[in-house]
Structures are given as structure tokens and as C-alpha cells.
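One structure is given here, and the rest of the page talks about it.
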Amino acid sequence: AMDTDLSSQDRKDLDKFIKFFALKTVQVIVQARLGEKICTRSSSSPTGSDWFNLAIKDIPEVTHEAKKALAGQLPAVGRSMCVEISLKTSEGDSMELEIWCLEMNEKCDKEIKVSYTVYNRLSLLLKSLLAITRVTPAYRLSRKQGHEYVILYRIYFGEVQLSGLGEGFQTVRVGTVGTPVGTITLSCAYRINLAFMSTRQFERTPPIMGIIIDHFVDRPYPSSSPMHPCNYRAGEDSGAVYPSVEDSQEVCTTSFSTSPPSQCVFTVTKAHFQTPPPVVTDTLKVPVVGLAFSHQLSSSRLSYQPAALGVGSADMGYPVLFAGGLNAAHPHQLIGPGKDGGVPPIPSQPAHGTQADQERMCTPLDGVHYSAATPSSSEDTETVSNSSEGKCGSPHDLLETIFVRKVGAFVNKPINQVTMANLDIPFAMFAPKNVELEDNDPMVNPPDSPETESPLQGSLHSEGSSGSSTGNTHDDFVMIDFKPAFSKDDILPMDLGTFYREFQNPPQLSSLSIDIGAQSMAEDLDSLPEKLAVHEKNVKEFDAFVETLQ
Amino acid sequence: CPLSTRCCGPPGAAPAMNCRAEVLEVSVEGRQVEEAMLAVLHTVLLHRSTGKFHYKKEGTYSIGTVGTQDVDCDFIDFAYVRVSSEELDRALRKAVGEFKDALRGSGSDGMGQISLEFYQKKKSRWPFSDECIPWELWTIKVNVVNLANEQERQICREKVGEKLCEKIINIVEVMNRHEYLPKMPTQSEVDNVFDTSLKDVQPYLYKISYQITDSLGTSVTTTMRRLIKDTLAL
């Protein structure tokens with residue numbers, strides 16, 4: 001009953017606008033994450049195929065994906081179109097960075113003119129989207145992709161799933177456009193807890209907190225799932241033939257009238273096209289699981305939420321859901337838990353006649369190509385959830401990720417002492433630590449360092465030793481006589497030699513002792529957030545103080 | 001305009017009642033001034049430019065296509081999107097260049113503001129000249145800071161980049177309010193609403209002006225000068 005006032009022509013136009021707006025939205029977002037600078041030309045004469053009077057190229061593969069996700073539907077209340085942007089390292093770890101949501105709410109604007117005002121406002125909204133896609137943290141990450149990681153996109157339609165973004169994610173509103181059938185809203189929710197570390201990390205600088213938590217260890221198996229670069233320049237890797245732009249899109253020529261301004265002559269011509277059936281490549285496409293872990297920067301005890309093993313996927317925000325809201329026409333291939341952690345490899349059995357949801361890669365043509373995964377049947381790395389092995393490969397299993405933790409460098413403890421046997425935390429550089437694993441936290445229990453002798457002690461004792469790092473130097477050398485240079489025995493009651501002998505074994509400084517040192521460091525780190533809060537409160541005073549100095 | 005204290009258009013331009021005014025503030029290093037100003041101005045103009053109008057018979061018109069391109073900043077960790085129009089870019093660069101030079105010049109304490117005003121022309125009958133009626137005014141207040149060492153400069157690159165991200169979000173917020181925009185003009189009126197001089201895009205009529213703020217006593221020299229002046233005046 002909402003659109004009784006809307007003429008059927010207006011309704012048709014509006015639906016078309018919304019459909020193409022959705023497609024252009026996806027193009028803008030994906031192109032903004034390709035890692036390249038985008039440049040399109042202005043053209044004073046309308047070409048007739050530039051929707052919303054903006055030169056936005058159409059990457060055929062992307063349009064194809066978007067149309068597939070929409071499956072002929074339009075965003076409506078409760079049915080949002082989401083573009084998920086995630087990052088995937090060359091070792092197979094992946095993480096959701098952003099979710100762009102195109103939603104529709106029930107607030108209608110009956111008075112608004114469809115073919116004129118709505119169209120122009122949608123154009124304005126696309127411009128805003130162009131601007132906003134450059135200011136979220138993922139933009140800078142995507143510009144640096146190619147070597148250690150790539151940026152992927154995934155389109156889904158239905159309920160918005162934000163839990164894969166970690167705690168404290170932020171939202172930015174791109175804009176809204178009221179229409180007679182509802183208000184279109186475009187927004188972006190983005191992960192922030194990696195924002196400041198990301199660019200530095202991938203520029204090979206040490207993590208900002210100076211804690212060596214872990215580092216990547218070469219995995220014995222290549223990362224899973226063949227990915228396809230979403231590059232429209234060549235489709236060499238995919239065998240798919242996508243309908244070209246001119247054929248698949250309806251051509252839009254808009255004319256606007258100024259007399260009176262409210263009238264609009266709007267002509268839409270449908271270019272003749274044949275629709276070849278979309279050819280899907282026969283390689284399996286893998287949904288990349290958004291890993292949900294939280295990272296409390298302010299706490300030295302980085303808290304860790306282990307990925308749910310067997311817990312309902314909705315809680316952890318896995319993008320692949322069997323929960324309601326998804327288009328049932330596209331059941332998703334589920335991947336069994338990998339043995340190697342991170343993104344699980346594809347099981348060797350073929351898809352059960354279903355079509356996997358795709359994770360598409362946004363890299364330039366010479367981006368990274370991943371080889372097909374081989375199921376890790378032959379490896380014998382321990383896994384935590386041995387019980388899940390039986391579920392491997394069944395498409396109806398809940399998605400599980402196995403973490404294999406490798407012991408960090410510089411830790412002297414042998415691997416088998418790590419309690420969570422062989423759990424590898426993706427993005428280990430900035431991964432939080434399990435609270436229970438504090439024993440293995442090198443910051444709390446640093447590895448057994450060499451017996452710390454004071455340098456003075458070492459050098460005094462050794463006449464040949466280079467500061468022995470094991471055992472007590474007293475055992476190795478016995479001081480027979482000590483004749484310090486330039487000293488005389490007879491003048492002072494305490495001569496230099498006596499002084500040396502008496503004070504040659506000073507007790508260890510308490511701050512240098514490992515346990516207390518580590519504790520106080522840990523305490524210091526704990527008190528940091530408070531201190532920071534206090535400083536932040538007083539920032540005005542500081543600024544004023546600085547001003548007086550200038 | 002209730003916000004007349006903030007409007008700083010050229011003298012004589014009376015802001016209209018519905019002139020909306022937005023103020024943005026940034027603190028930047030000297031060499032960042034140009035890029036920061038261009039980023040903001042281009043972002044505003046991206047939203048306030050359309051394709052070229054082509055009027056046809058019966059009062060209908062069609063609209064050309066606006067292209068866009070990414071711009072990376074050299075002195076700021078930041079990138080922005082601008083309209084693909086070399087003419088427009090040149091015009092903005094010229095204005096920003098003048099502003100930067102004025103900021104650097106003597107008498108400036110590194111504080112100034114640059115304004116981008118969108119206006120409509122109201123044709124008056126002879127002998128009266130046309131009126132310029134602003135309907136949107138963007139003011140960017142700039143504070144130039146001097147940094148001592150390379151480490152500070154590096155931090156400044158990042159901080160200013162983050163600040164500019166916030167500004168872009170602010171600008172988009174304002175644009176999204178869908179407040180007053182001039183009516184789409186007839187062919188005879190188009191030059192009163194749009195700048196039709198560019199060959200590839202058509203921004204709303206705009207003008208850019210700037211002011212260098214005179215410092216008020218924060219530097220010793222100025223204070224001394226004032227003291228002496230006051231003394232002599234007695």
C-alpha cells in the first residue's frame with residue numbers, strides 16, 4: 001500500500017534506478033579496493049550508458065557477482081546488499097576489514113520526484129561513496145596489497161553481518177536518499193583495531209607495542225582456494241565469459257525538462273542483447289571466513305576469543321550462513337576445517353552439486369595467484385579439535401577454523417610445551433593471546449635468559465672468558481692474586497685491590513631480575529591506559545603549555 | 001545570514017538568509033597547505049558539479065558525464081577523489097597557490113582561512129548590476145605549524161591524513177542533508193546558476209577568497225610594536 005501514489009511508470013523507473021544504483025555501488029567499492037588509482041574521463045556529451053551521469057566503469061565480473069547475489073531482487077527492508085571487504089595474507093590468513101551496506105528502511109518520501117530528484121540524489125550519493133571509499137583504513141591497505149596480502153570482496157544479500165569486524169568497529173554513513181517506497185541508506189562498518197598497525201606492519205616495521213608475540217612460520221601447505229583477480233583487463237585465469245557491458249546493461253538516456261521543472265522526459269532504451277548463460281569456472285570458490293578475535297590495545301593481557309569450535313556460526317559472524325535471510329537458491333559450499341589453520345583448504349571431493357559463494361580478489365592483473373589447495377591428509381600436525389575431522393567436507397557443517405600456534409622466535413621452550421598444541425593464530429603479529437597461555441607469554445615469563453652477570457663481574461673474572469653465559473663464573477676461575485694497576489698497598493687501609501675483591505660480586509639489581517622485571521613491565525603496561533586517559537584529559541593544558549613556549 | 005561573523009566573502013556581498021555556512025579547521029605544516037586545501041575544495045566541488053547541460057527543444061536537457069580520478073598527496077598520508085577536469089583543477093590550484101603564498105608572507109602568523117562560496121546571480125535591470133546571492137559557504141581555517149625534526153614531520157603526515165579523513169566525512173555529511181540547492185535553470189538562466197565556462201564539467205557558480213588572520217599579540221614583536229604605538233599616541 002506504500003506505492004499507491006506512485007505511477008506505474010515511476011515505480012518502474014524507481015526500481016531500475018535502485019537496481020543500477022546497487023550495481024554501481026558495488027563497482028565503486030570494489031574498484032576502490034583494487035589497489036590502483038582510478039581515473040575516468042568526463043564527457044560533455046552524454047553517451048547514454050553512464051548511469052547517474054557519472055563515469056564509473058563496469059568490471060564485468062563484478063557486475064556478474066553483484067547480479068548473482070541480488071538474484072533479481074532489490075534491496076528492501078531486511079534485505080540489504082552487503083559488500084564485504086577482507087584481507088588475506090599470502091599464508092592464507094584472512095580477516096574482514098569492512099562491510100558496506102546498502103539498506104532500505106520504511107521511511108517513505110511520497111512527495112519526492114522519482115525521475116528527477118531521486119535520480120540526482122542517487123548520483124550525489126555515488127559521489128559521496130567515491131569520496132568515502134578513500135578515507136576508511138582499508139583504502140590504504142588496499143593500495144599496498146600484492147606482496148604479502150591481497151584484498152578480497154564478497155557480495156551477499158540479506159541480513160547484515162558485522163560481527164566479523166572485531167570489537168569496537170566504527171561506522172560511517174555515506175548518505176541516504178528518500179524515495180516513495182522507502183529510504184535508501186548507504187553506510188560502511190569498518191574494523192579499526194588494525195588500522196594503525198596495518199600499514200606499519202606490512203612495511204616491515206616492528207609492532208608498535210614492541211612485543212614480539214609471534215611471527216609467521218612457513219606453512220607446509222600452500223594457502224587454500226584459487227582466487228580470481230577481479231580484473232577486467234583479462235579473464236585469462238577464469239574460463240568464464242561474462243556478458244560485456246553493452247550487452248548486459250540497459251542503456252539509460254535521461255532527459256530532464258525545465259519547463260516546468262517537475263516534468264521529466266525520461267527515456268530508457270533497452271539495447272538488444274543476448275544473455276549467454278553465465279559460465280562458472282569449475283574451480284571451487286571458497287568463502288573466506290571472517291575471523292572474530294578481539295584485540296584490546298590498551299591491555300597488556302591481550303584477550304583472546306578463540307574462534308568458536310562448533311559454536312553457532314551466527315555468533316561469530318561467519319559470512320557463510322545457513323541461517324535465514326540468505327538466498328536459498330544459492331546454497332554455499334562449506335569447507336571442512338583445515339588442519340593447518342587459517343583458511344581451511346578445499347576438500348578433495350567435489351561440490352555437492354552446489355555452487356560456492358565466491359571470494360573475489362581485488363588485485364591488478366599481475367597479482368598473486370594461489371594454487372589449488374590440497375587437503376592436508378598426509379600431515380600430522382596436531383589439531384585441537386580432532387573430533388571435527390569426521391565432519392570434514394560436509395557442506396552442512398558449521399564452519400570451524402583451527403588455530404595452530406607456533407611458538408615465537410626467541411622462546412627457548414620446546415614446542416611441545418605449548419599447551420594449546422600447535423595453534424597458529426592468524427595475523428600472529430597482532431594477534432591477541434589467550435589468557436590461559438600466559439605461561440607461554442614471553443613477556444610474562446620470558447625465556448630463560450643467560451645467567452645475567454653484571455658486565456663488571458664478567459670482565460673482572462675472566463681472564464680468558466668472554467663473559468660466560470652459563471653457570472657461575474666463580475667455578476671456572478679462581479682469583480689468585482689481584483694486582484690492580486697503579487695501586488699501592490701501603491697507604492690506605494682499603495686499597496683498590498681490596499675494594500675490588502670486596503665488591504666484585506654485587507648482588508643483582510632487583511629491576512634486572514627477570515620475574516620482578518617482567519612483572520613491573522606488565523604492571524606498567526597495565527597502567528598505560530589509565531595514564532593515557534589522564535593525559536588525554538589534560539591535553540588542553542599541555543597544548544596551552546606548549547603555546548607559551550612558542 | 002545569522003552566521004555573518006563567519007562569512008568572509010569579498011566586501012559588499014550580502015549573504016542571503018538561506019546561506020548555509022560550514023567551517024572546517026586544519027592544522028598543517030607549511031608544505032602541506034596546498035594539498036590539504038585542494039583535497040577539501042575538490043571534495044566539495046565533486047559534489048557540487050554536474051555534467052555539462054545540453055538543452056534541446058521543448059525545454060528538455062540532457063546532462064554530460066562527470067569522470068573522477070584519485071589524487072595521492074605527497075606530503076600527507078592521504079588520497080582523495082576529484083572531478084576529472086583539468087580546467088577546474090588549474091583554477092583551484094591557482095587560488096590555493098595564492099593563499100599559500102599569502103600565508104607565507106610577512107605579517108602572517110601562519111593563520112588564515114580560505115573560503116569557497118557557491119552563489120546564484122540575480123539579474124538586475126540596468127543600471128543596477130547583478131547581485132550575487134550566496135547559498136552555501138565553506139570556510140577552511142588553516143593554522144600553519146612549524147616542526148622541528150623529521151620524526152615530528154612523519155607524525156604530522158599521518159595525523160593530518162587522519163584529520164583530512166574526518167573532514168571528508170564531515171563534508172559528505174553536509175552534502176547528504178539535501179538542503180537547499182538552486183532550482184535547475186532554464187537555458188536562459190543557466191549562467192546564473194552554473195559555471196558554464198568549463199568544457200567538460202559544470203560546477204555551480206563559485207568563488208574562492210581568502211583572508212590572512214593577523215595575529216593578536218601572540219608574538220613579542222607585535223606586542224612591543226603595540227606598546228610603543230600606544231605610548232607614542234599619548
Side-chain angles (χ1 to χ4, degrees), chain A residues 28 32 36-56 116-117 120-121 123-137 139-140 143 172-178 186 195-196 199 253-261 263-265 547 550, chain B residues 42-43 46-56 58-72 77-81 83-85 88 145-146 158 161-162 164-169 171-173 175-178 181 183-187 189-190 198-202 218-219:
Chain A
V28 169
E36 300 172 324
K37 281 163 72 164
I38 305 296
C39 180
T40 59
R41 291 182 55 204
S42 302
S43 158
S44 75
S45 33
T47 58
S49 60
D50 292 322
W51 275 92
F52 309 105
N53 309 120
L54 284 172
I56 298 173
Y116 173 70
T117 311
N120 285 332
R121 286 187 182 178
S123 175
L124 197 68
L125 188 51
L126 276 175
K127 290 173 178 173
S128 295
L129 182 63
L130 282 163
I132 296 286
T133 42
R134 274 66 177 174
V135 305
T136 54
Y139 180 71
R140 301 202 59 216
R143 291 292 300 270
V172 61
R173 160 117 62 121
V174 183
T176 61
V177 174
L186 187 52
F196 82 108
T199 48
T253 50
T254 44
S255 297
F256 295 92
S257 166
T258 56
S259 55
Q263 257 185 23
C264 183
V265 174
E547 290 281 327
Q550 285 174 350
Chain B
H42 267 303
T43 302
L46 168 69
H47 290 81
R48 293 285 180 250
S49 300
T50 75
K52 298 280 293 175
F53 282 13
H54 295 273
Y55 287 91
K56 302 186 282 211
E58 297 154 12
T60 62
Y61 62 96
S62 58
I63 308 181
T65 302
V66 171
T68 57
Q69 54 188 236
D70 279 306
V71 181
D72 286 340
D77 288 347
F78 185 72
Y80 61 94
V81 176
V83 160
S84 285
S85 164
L88 185 63
V145 298
N146 293 313
E158 294 164 13
E162 288 168 24
L164 284 177
C165 289
E166 288 173 29
K167 302 305 162 198
I168 303 304
I169 295 176
I171 294 171
V172 163
E173 249 171 12
M175 297 299 179
N176 181 55
R177 288 187 210 148
H178 300 304
L181 282 179
K183 245 173 19 180
M184 281 301 143
T186 59
Q187 189 166 15
E189 292 281 306
V190 70
L198 301 162
K199 67 175 180 356
D200 42 16
V201 296
Q202 192 174 287
T218 49
S219 69

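Hydrogens, waters and symmetry mates play no part in the numbers below; they use all other heavy atoms, side chains included. Letters go in sequence order (proteins before strands), and every chain restarts at 1.
The CG atom of B:Leu181 lies 9.0 Å from the CG atom of A:Asn120; values are rounded to the nearest 0.5 Å. With rounding to the nearest 0.5 Å, the separation of NZ in B:Lys199 from OG in A:Ser42 is 9.0 Å. Of the inter-residue distances, the one linking B:Ser85 atom OG with A:Arg41 atom CZ reads 12.0 Å to the nearest 0.5 angstrom. Annotation: the span from A:Lys127 atom NZ to B:Met175 atom CE amounts to 9.5 Å, rounded to 0.5 Å.
Only the side chain of B:Val201 has a heavy atom closer than 4.5 Å to any heavy atom of chain A. The parts of B:Asp72 that come within reach of chain A are both its backbone and its side chain, each placing non-hydrogen atoms under 4.5 angstrom from that chain.
Across all their heavy atoms, B:Val172 and A:Val174 have their closest contact at CG1-O, 3.1 Å. When all heavy atoms of B:Asn176 and A:Thr176 are compared, the closest pair comes out as OD1-N, 2.7 Å.
In this view, A:Tyr139 satisfies the ring-ring contact (aromatic ring centres under 6.0 Å, His included) rule with no residue, not counting sequence neighbours. Residues meeting the salt bridge (charged side-chain N to carboxylate O under 4.0 Å, His left out) test with A:Arg121, sequence neighbours left out: none.
In this structure, B:Ser84 contributes its side chain and A:Thr40 its backbone to a donor-acceptor pair below 3.5 Å.
Of all the listed residues (B:Asp77, B:Ile168, B:Val71), the one sharing the greatest number of non-hydrogen pairs under 4.5 Å with chain A is B:Asp77. Note on A:Thr117, A:Ile38, A:Leu54: by heavy-atom pairs under 4.5 Å with chain B, the leading option is A:Ile38. The greatest number of non-hydrogen atom pairs below 4.5 Å with chain B, out of A:Gly178, A:Gly175, A:Ser123, A:Ser44, is found for A:Ser44. Per-residue heavy-atom pair counts under 4.5 Å with chain A were compared for B:Glu166, B:Gln202, B:His178, and the maximum is reached by B:His178. The choice from B:Thr50, B:Thr68, B:Asp200 that makes the most heavy-atom pairs within less than 4.5 Å of chain A is B:Thr68.
Between the side chains of A:Ser128 and B:His47, at least one donor N or O lies within less than 3.5 Å of an accepting N or O.
Residues A:Asn53 and B:Ile63 have side chains in contact (heavy-atom distance under 4.5 Å, counting atoms from C-beta outward).
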Step-by-step side chain to side chain contact (heavy atoms under 4.5 Å, CB included) determination, A:Arg134 to B:Phe78: CA-CA 8 Å; A:Arg134 274 66 177 174; B:Phe78 185 72; over 6 Å; no
